[in-house]
Amino acid sequence: MGLTKQYLRYVSSAVFGVIGSQKANIAYVTLRGGERGRYVAVAACEHVFIWDVRKGEKVLILQGLKHEVTFICASPDGVHVAVGYEDGAVRIFSLISRESNVSFNGHKSAVSVMNFDNLGARLVTGSKDTDVIVWDMINECGLYRLRGHKDAVTQALFLSDRNLLITCSKDSFVKWWDLDTQHCFKTLVGHRSEVWGLVLLNQERRLLTGSADSELRAWDVDFLQEEKAAGEPKVKKGKTLLDDEDDEAENVEDDDEERILRCKKVGSILREARDRVVSLTTDAKARILVCHGNDSVMEVFTVLSDDELQKKRSKKLKKAKKKMNKTEETAEPEVEMTLKDEIVRLTNIKASGKIRSVDCLSCAGAELKVALLLQNNTVETYSLKSSEQKPTANKTARLTLGGHRTDVRTLSFSSDNMAVLSASGDTVKVWNRSTLQVVRTMACEYALCSLFVPGDRQIVLGTKSGKLQIFELASGSLLETVEAHSGAVWSLCLSPDQRGLITGSADKTVKFWEFELAKDQGSAQKRLTMKHTRTLQLEEDVLCVRFSPDHRLLAASLLDCTVKVFYTDTLKFFLSLYGHKLPVLCLDISHDSTIIATGSADRNVKIWGLDFGDCHRSMFAHDDSVMYLQFVPKTHLFFTAGKDKKIKQWDADKFELIQTLEGHHREVWCLSVSPNGDHLVTASHDKSLRLWERTREPIILEEEREMEREAEFEESMAKEEMPVVPGETRGEAAPAGKKTVETVKAAERIMEALEIFKEENRKLEEHRYACGHEGKQVKLSVVVYFLVLSELEVSLLVLPFPYVPELLKLFNTYIQQGLEVELICRCLFFLLKIHFGQISSNQMLLSVINELRTNTLHKVQEIRDLMGFNKAALQFLQREIESKEDVMFFAEATGRLQEKKRRRRKRERAILTIA
């Protein structure tokens with residue numbers, strides 16, 4: 001038996017080059033001991049980065065799993081951050097422990113909006129699957145799912161002092177939900193297109209919505225319940241003063257709507273931008289309103305308080321009276337306050353690029369801090385004084401160093417494996433591989449290909465305009481720009497003797513260049529330059545060129561879907577490799593010059609022999625174009641990158657797929673393997689660069705295929721829909737959870753635990769019987785198992801009924817021993833709710849249920865007494881401390897401190913006056 005070939009696994013080592021992903025929003029967060037407005041949280045593919053905007057440093061990474069982040073929301077207490085993902089999952093991270101202990105699975109597609117209530121006890125999430133789910137943060141479970149929207153939910157807000165929820169969606173409706181009864185009691189239909197955002201102003205008495213046009217529509221909200229005293233009988237709806245204004249209203253509201261609130265459109269504010277609202281948000285007190293569209297201008301409005309409005313009104317009244325005195329009219333002047341008087345435009349902030357998301361924060365001294373996430377991978381922060389009449393916004397920070405503004409189109413490793421070069425449409429950056437910090441940033445033209453000059457002191461870029469640019473790394477300066485081609489330079493390749501390079505261009509030529517040291521005219525020092533030596537003219541555009549490592553052959557892929565091979569010394573034609581149906585975008589030659597691998601836009605990779613040009617194998621490689629291909633040095637293994645977001649490793653001898661590296665969320669443009677083969681760096685349209693590291697863990701191909709099949713099966717199992725019951729219609733409210741692989745596994749764990757418990761119980765009985773004969777005593781041992789709380793209900797829902805009687809008997813034992821009473825009660829009530837018919841009709845279970853009822857009531861009463869005792873003790877301690885220190889606990893401490901400061905300042909002023 002021959003030796004099996006061993007492959008080593010590559011794993012994701014780091015994500016860098018991304019400052020803020022475009023899929024999610026930006027949010028201010030507060031780290032422990034940090035000042036407000038200093039830290040912002042942004043998505044970085046599947047992770048969340050927290051940046052210190054003052055220092056421009058990344059201070060914290062909240063690690064994601066696989067799916068892209070789509071929404072970030074900080075809790076009111078500042079301790080937690082809720083993160084929503086592309087697959088509909090929500091994870092709650094603690095900013096203190098930096099870990100996620102709670103995860104919620106309820107949505108079928110990307111989370112589009114999240115908001116906490118005032119106390120941070122409930123979280124509402126909206127999704128592209130049109131559902132709204134309310135989660136209980138304390139019990140770590142879903143409360144209910146609200147259905148009614150017909151398109152993606154764009155905003156959802158809790159009302160602070162009423163148990164109501166307001167949501168808006170791309171279906172053009174704004175819905176009000178009563179959370180006590182979990183139903184929609186009112187739908188606003190005044191929009192003609194998608195509603196992209198809404199905010200509540202004036203102590204939640206004014207609703208402002210942003211749509212696909214330049215209007216911000218305003219609605220007055222009247223809460224009608226507070227007009228009736230408690231227990232007052234309902235009166236028949238007759239003509240009231242309130243209704244006089246609404247006589248000519250188009251839509252007559254029904255009784256249910258009238259009982260809670262009434263919404264009346266009062267006008268609209270015109271934005272300067274003509275396109276749709278992208279973000280519409282306010283500060284915590286709803287005094288400042290900011291909004292922006294798809295352009296680079298953000299509009300800031302201030303919302304006047306009742307006192308300020310009254311002052312404005314009296315000023316207007318005085319003016320009107322003066323006017324009337326001049327005209328000698330006797331009638332009392334009337335002054336009407338419009339919406340423009342109430343919501344006043346403060347200023348516009350012009351960002352350096354198109355805005356993707358915004359968050360604002362009001363600080364001490366009427367200072368407004370604004371954080372902007374731009375569409376070009378940049379974060380900017382601004383500060384302005386909201387108390388001024390016409391404030392000017394000052395840019396306080398701009399995070400650009402850690403990433404490119406446009407997609408990275410070329411990557412290259414230095415010969416010592418330590419530096420990584422990445423070049424985009426406007427800049428070239430050199431990164432330290434071990435620290436992932438930017439070493440140099442230099443402005444360049446649109447780069448398409450790059451390489452390090454031998455010695456790693458200079459770099460050469462091939463650009464879209466046909467120029468070659470030479471940069472020196474020590475000074476970060478451009479040494480020379482060579483007018484090399486009349487078309488785009490698609491490919492560069494260093495010659496094996498390291499004395500020069502070749503370039504392939506869209507002008508149908510391959511040019512040979514030699515490195516030279518030329519004297520600088522200004523100084524006596526020599527600098528690197530390039531001398532053109534030979535030109536190979538071809539019939540089609542050249543897309544990729546490569547030397548064979550033995551310097552004997554030169555391969556060039558052309559736009560006519562063929563690869564032409566020439567002798568390097570004489571430039572005589574040797575072979576034509578044809579077989580691809582679309583142009584060959586990338587190729588590489590193995591270290592021993594025996595194999596050439598080509599990747600094409602037809603999604604195939606072909607492996608050819610360089611002796612006779614025979615095609616060894618054609619493999620379907622990616623689900624979209626193969627963008628880049630490179631051999632691992634000194635092996636016949638190679639990597640391919642595709643537009644299908646995947647990187648794959650192949651064996652060119654056995655023609656097998658070794659492993660698939662998944663991580664990028666958009667098309668992968670290029671990759672580079674380090675000279676020692678230990679590292680791989682890839683660049684994608686999601687603006688991220690990823691570093692992959694070779695581990696010492698071997699890959700067994702059969703196991704890999706088995707794991708892939710298992711993952712596919714688990715995904716399909718989790719996607720199974722609930723069975724449709726004939727004649728049953730879906731209600732507005734539904735359970736919050738959904739069946740996932742984790743819940744199925746949790747149900748299996750419960751069944752397994754019950755089987756083990758039964759087995760152990762049987763052994764214990766035998767042991768007890770045996771010990772009874774010997775006259776020895778036996779202590780009972782109990783097996784306790786735990787579930788993830790957020791998956792508890794769905795796991796019990798999946799559990800088959802034959803296991804339920806055993807579980808109920810077990811619950812009885814636990815309750816008697818006082819173990820996890822709260823958790824047991826939750827499980828018990830849920831099981832009774834879903835299996836009520838079967839349990840109540842089972843005579844064997846009646847005695848167990850009776851016993852459970854007695855024991856549960858007794859234990860719950862005990863816990864209530866204990867909590868009551870503890871509460872009373874804490875109140876007693878509070879009173880003791882207050883009486884000793886003569887201070888109102890919690891309440892007056894701040895007031896006293898301010899009083900002391902005021903006295904001290906008064907005393908200082910008096911001393912200065914005397915002096």
Side-chain angles (χ1 to χ4, degrees), residues 20 24-31 34-43 50-54 71-76 78 81 113-116 118 154-155 157 160 196-202 204 206 208-210 216 269 271-273 277-293 295-305 343-375 378-388 390-399:
N25 60 318
I26 188 169
Y28 273 112
V29 293
T30 311
L31 294 186
E35 61 181 273
R36 289 175 78 237
R38 181 168 176 176
Y39 303 100
V40 293
V42 288
I50 293 176
W51 294 89
D52 180 341
V53 290
R54 184 183 290 177
F71 204 86
I72 301 167
C73 181
S75 66
V81 171
V113 66
M114 290 191 292
N115 264 307
F116 285 92
N118 266 10
T154 53
Q155 184 59 291
L157 296 171
S160 56
W196 288 101
L198 59 85
V199 288
L200 289 161
L201 309 170
N202 295 3
E204 300 178 347
R206 166 75 41 85
L208 205 67
T209 59
L216 295 177
I269 298 165
R271 295 161 49 233
E272 286 183 0
V277 171
V278 175
S279 300
L280 180 65
T281 183
T282 64
D283 64 338
K285 292 179 180 174
R287 293 295 312 278
I288 301 290
L289 172 76
V290 295
C291 71
H292 69 87
D295 55 5
S296 59
V297 178
M298 187 188 75
E299 299 174 53
V300 185
F301 299 88
T302 181
V303 183
L304 299 185
S305 64
I343 300 170
V344 182
R345 184 185 297 276
L346 259 187
T347 185
N348 287 356
I349 296 176
K350 180 93 167 76
S352 63
K354 288 184 177 179
I355 304 169
R356 163 61 187 86
S357 172
V358 62
D359 196 18
C360 61
L361 193 68
S362 285
C363 300
E367 185 191 8
L368 179 73
K369 290 184 178 178
V370 179
L372 303 175
L373 172 64
L374 307 186
Q375 287 182 18
T378 309
V379 170
E380 290 184 348
T381 58
Y382 292 84
S383 163
L384 58 93
K385 290 278 183 188
S386 57
S387 54
E388 292 174 11
K390 287 186 178 177
T392 52
N394 302 312
K395 190 185 287 187
T396 51
R398 186 165 187 250
L399 306 180

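Remark: the backbone N or O of Ala366 is paired with a side-chain donor or acceptor of Ser386 at under 3.5 angstrom. Counting only distance, with no hydrogens or angles, the side chain of Lys385 and the backbone of Gly365 share a donor-acceptor pair below 3.5 Å. A donor-acceptor contact shorter than 3.5 Å is absent between the side chain of Arg356 and the backbone of Val278.
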Side chain to side chain contact (heavy atoms under 4.5 Å, CB included) between Tyr39 and Thr30, worked out: CA-CA 6 Å; Tyr39 303 100; Thr30 311; over 6 Å; no
Please test Lys350 against Ser296 for side-chain hydrogen bond (donor to acceptor under 3.5 Å, both in side chains), starting from the C-alpha separation and ending with a verdict. CA-CA 6 Å; Lys350 180 93 167 76; Ser296 59; 2.7 Å; yes
For Trp196 and Leu280, what are the C-alpha separation, side-chain angles and deciding distance, and is it a side chain to side chain contact (heavy atoms under 4.5 Å, CB included)? CA-CA 8 Å; Trp196 288 101; Leu280 180 65; over 6 Å; no
Run the side chain to side chain contact (heavy atoms under 4.5 Å, CB included) check on Gln155 and Asn115 step by step: do they pass? CA-CA 9 Å; Gln155 184 59 291; Asn115 264 307; 3.1 Å; yes
Chi angles and distances behind the side chain to side chain contact (heavy atoms under 4.5 Å, CB included) call for Lys390, Thr347: CA-CA 7 Å; Lys390 287 186 178 177; Thr347 185; over 6 Å; no
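Taking CG of Asp52 as the reference point, atom CZ of Arg38 lies at 4.0 Å (rounded to 0.5 Å). To the nearest 0.5 Å, the span separating OG1 on Thr281 from NE2 on His292 amounts to 9.5 Å. Atom CD1 of residue Ile349 and atom CG of residue Leu372 lie 6.5 Å apart, to the nearest 0.5 angstrom. One finds the CG atom of Leu216 at 7.5 Å from the OG1 atom of Thr209 (value rounded to the nearest 0.5 Å).
Between Ser362 and Asp283 the shortest heavy-atom distance is OG-OD2, 2.5 Å. The shortest heavy-atom contact between Pro76 and Phe116 is CD-CB, 3.7 Å. When all heavy atoms are compared, the tightest approach of Glu367 to Ser383 is OE2-OG, 2.8 Å. For the pair Leu373 and Ala24, the tightest heavy-atom approach, listed with the atom from each and the gap, is CD2-O, 3.7 Å. Nearest heavy atoms, Gly210 versus Val277: CA-CG2, 3.8 Å. Scanning all heavy atoms of the two residues, the minimum distance from Val53 to Gly37 falls at CG2-O, 4.1 Å.
Two residues are said to be in side-chain contact when any heavy atoms from C-beta on lie closer than 4.5 Å; Ile26 and Ile72 fail this criterion. Annotation: side chain of Glu380 is in contact with side chain of Ser352 (closest heavy-atom distance under 4.5 Å). Side-chain contact check for Ile355 versus Leu374: some heavy-atom pair is nearer than 4.5 Å. The shortest side-chain heavy-atom distance between Leu198 and Leu157 falls under the 4.5 Å cut-off. By the 4.5 Å heavy-atom criterion applied to side chains, Val370 and Val300 are not counted as neighbours. Tyr382 is not listed as a side-chain neighbour of Met298, based on a closest heavy-atom distance of 4.5 Å or more. Residues Thr282 and Leu208 fail the side-chain proximity criterion, which asks for heavy atoms closer than 4.5 Å. At least one side-chain heavy atom of Ile343 sits under 4.5 Å from a side-chain heavy atom of Leu201.
Lys354 pairs by the side chain to side chain donor-acceptor pair (under 3.5 Å) definition with nothing, not counting sequence neighbours. Take Arg271 and apply the side chain to side chain donor-acceptor pair (under 3.5 Å) test, not counting sequence neighbours, and it matches no residue. Not a single side chain to side chain donor-acceptor pair (under 3.5 Å) links Gln375 to another residue, sequence neighbours left out.
Each of Asp359, Thr396, Asn394 was evaluated against Thr381; a single residue qualifies, Thr396, per the side chain to side chain donor-acceptor pair (under 3.5 Å) test.
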